[in-house]
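For reference, the structure is listed below as structure tokens.
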There are 2 protein chains.
Amino acid sequence: MIPAEQTSDNPNFERFQTICRDAGLKLTPQRLEIYNELAVARDHPSAEDIFHRVRRRMPTIALDTVYRTLTTFESIGAIARVDVADDRARFDAELGPHHHCVCARCRSIKDFQWETFDILGMPKETSAWGRLMDKQVVLRGVCRDCLRKEADSEG
Amino acid sequence: MIPAEQTSDNPNFERFQTICRDAGLKLTPQRLEIYNELAVARDHPSAEDIFHRVRRRMPTIALDTVYRTLTTFESIGAIARVDVADDRARFDAELGPHHHCVCARCRSIKDFQWETFDILGMPKETSAWGRLMDKQVVLRGVCRDCLRKEADSEG
DNA sequence: TTCCGATTTAAGAATCATTCTGAATCAGGC
DNA sequence: GCCTGATTCAGAATGATTCTTAAATCGGAA
């Protein structure tokens, strides 16, 4: 049973409730906090990032619970694991069409929209591959922060 | 010192030699075998995949050597680590523009070209992000093999 | 309100992809 | 051929992630 102060003023509660209900999962305060932290994150956090953030409002939560809950959410399609080469798993609550800028230095990931691309449809070059469900652009380079750091260490 | 039978008939030797020379790396038989197996691979293999393939011609090679060498090659820009959510690191010797179809089931990755996309340039939506160097499309879905397996297990 | 399967926690252990360490060997410049 | 720093190998270590156990608590249907 989730206490009222966790749900009032929480724009993500409705979606969380629908997701769990549809999947036959119980609504627990831990699940809500984890879902919420991921939903408000702009930075595609790792499990440990989420753990540290959730712990501020829920100091007794276990790291194992975070990992286990993220895996459960992923398996029901509520969140996505981000396709990026990083030592740690990264997660994303945004499931709609969007794209990523990935920094080669710090592995930070920034979302962006690109309508010019979205209207292209699927390439005919891949028509024999299997069942395509979604397409995303990944831009790679070095983010402004890392560029600034590199300039600073050379200046 | 690389024996002649490793270099004759090897179309990838020239590129391998250039890469190592330019980076000030010694040419070793192990490095050549690892480079070559990755260069001929169509499937974006993991370190362990490469290890098993190299071991057929070089039974004494160590798994650590494969990992270390792949990391070295990556750090000099000779190969790329593939951005995909997989428990193991995946690698790619193809550095030119190309795109990936990723299977949600088996994590297999298939290359394809898409000229319609390549000519788009970079999106103006990301112009403030930092220094962009390259762009790739990732298509996600279920590959033909997995679709066939799923149909078989239901039929 | 009761009941029962689901979930969490704590604590510790296990797994496994990957990296480290130290001794031996090697590539290549001179 | 000599020499020296680079590289490899064998074995050990690391750390993100998952498992185990057992007890306690909880969500939610009836």
Between D:dA16 (C1') and B:D86 (CG): distance, integer Å: 15 Å

Which comes earlier along DNA chain C counting from the 5' end, the contact point of B:R21 or that of B:R81, where each point is its nearest nucleotide? B:R81

Start at the 5' end of DNA chain C and walk down; is the nucleotide closest to B:D64 or to B:E48 reached first? B:E48

Interatomic distance where CG belongs to B:L63 and P belongs to D:dT8 [whole Å]: 13 Å

Any link between A:V54 and A:L27 through a network of hydrophobic side chains (Ile, Leu, Val, Met, Phe, Trp, Tyr) touching at under 4.5 Å? yes

Using atom CZ of A:R88 as one end and atom C1' of C:dA17 as the other, report the distance to the nearest whole Å. 15 Å

When the distance from CD of B:E74 to C1' of C:dT19 is rounded to whole Å, what number comes out? 14 Å

Counting the atoms with a prime plus P, OP1 and OP2 as sugar-phosphate, which does B:D87 contact under 4.0 Å by heavy atoms, base, sugar-phosphate, or nothing? sugar-phosphate

Closest to the A:I61 side chain: D:dG28, C:dT9, C:dT18? C:dT9

Report the relative orientation of the aromatic rings in A:H44 and A:H98; use parallel for angles under 30°, tilted for 30 to 60°, perpendicular for over 60°. parallel

If I take atom CZ in residue B:R55 and atom P in nucleotide D:dT8, what distance separates them, rounded to the nearest angstrom? 17 Å

Counting any heavy atom closer than 4.0 Å, what does A:L25 reach on the DNA or RNA strands: base, sugar-phosphate only, or nothing? sugar-phosphate

Which nucleotide in C:dT8, D:dC9, D:dT17 has an atom nearest any side-chain atom of B:Q30: D:dC9

Output yes when a side-chain donor or acceptor of B:K135 lies under 3.5 Å from a complementary backbone atom of B:D118, and no otherwise. yes

Could you tell me whether A:T60 contacts a base, only the sugar-phosphate backbone, or nothing, with contacts defined as non-hydrogen atoms closer than 4.0 Å? sugar-phosphate

Rounding to an integer number of Å, can you tell me how far A:I34 CD1 sits from C:dT9 C1'? 13 Å

Side chain A:R31, main chain A:K26, donor-acceptor under 3.5 Å: yes

In this structure, how many angstroms lie between the C1' atom of C:dG28 and the CD1 atom of B:I2, rounded? 12 Å

At 4.0 Å (heavy atoms only), tell me whether B:R68 reaches a base, stays on the sugar-phosphate, or touches nothing. base

Considering only side-chain heavy atoms of B:T28, which listed nucleotide, C:dT18, D:dT7, C:dT7, is closest? D:dT7

Consider the side chain of B:Y67, meaning its heavy atoms from C-beta on, and name the nucleotide among D:dT17, C:dT7, C:dT18 that approaches it most closely. C:dT18

Does a nitrogen or oxygen in the side chain of A:T65 sit under 4.0 Å from OP1 or OP2 of C:dT8? no

Here the distance between atom P of D:dT8 and atom CG of B:L32, to the nearest Å, is 12 Å

Shortest side-chain distance from B:K26, nucleotide among D:dT17, D:dT8, D:dG5: D:dG5

Verify salt bridge (Lys or Arg N to Asp or Glu O under 4.0 Å) between A:R88 and A:D49, making sure each step is shown before the conclusion. CA-CA 10 Å; A:R88 301 149 176 248; A:D49 294 330; 5.5 Å; no

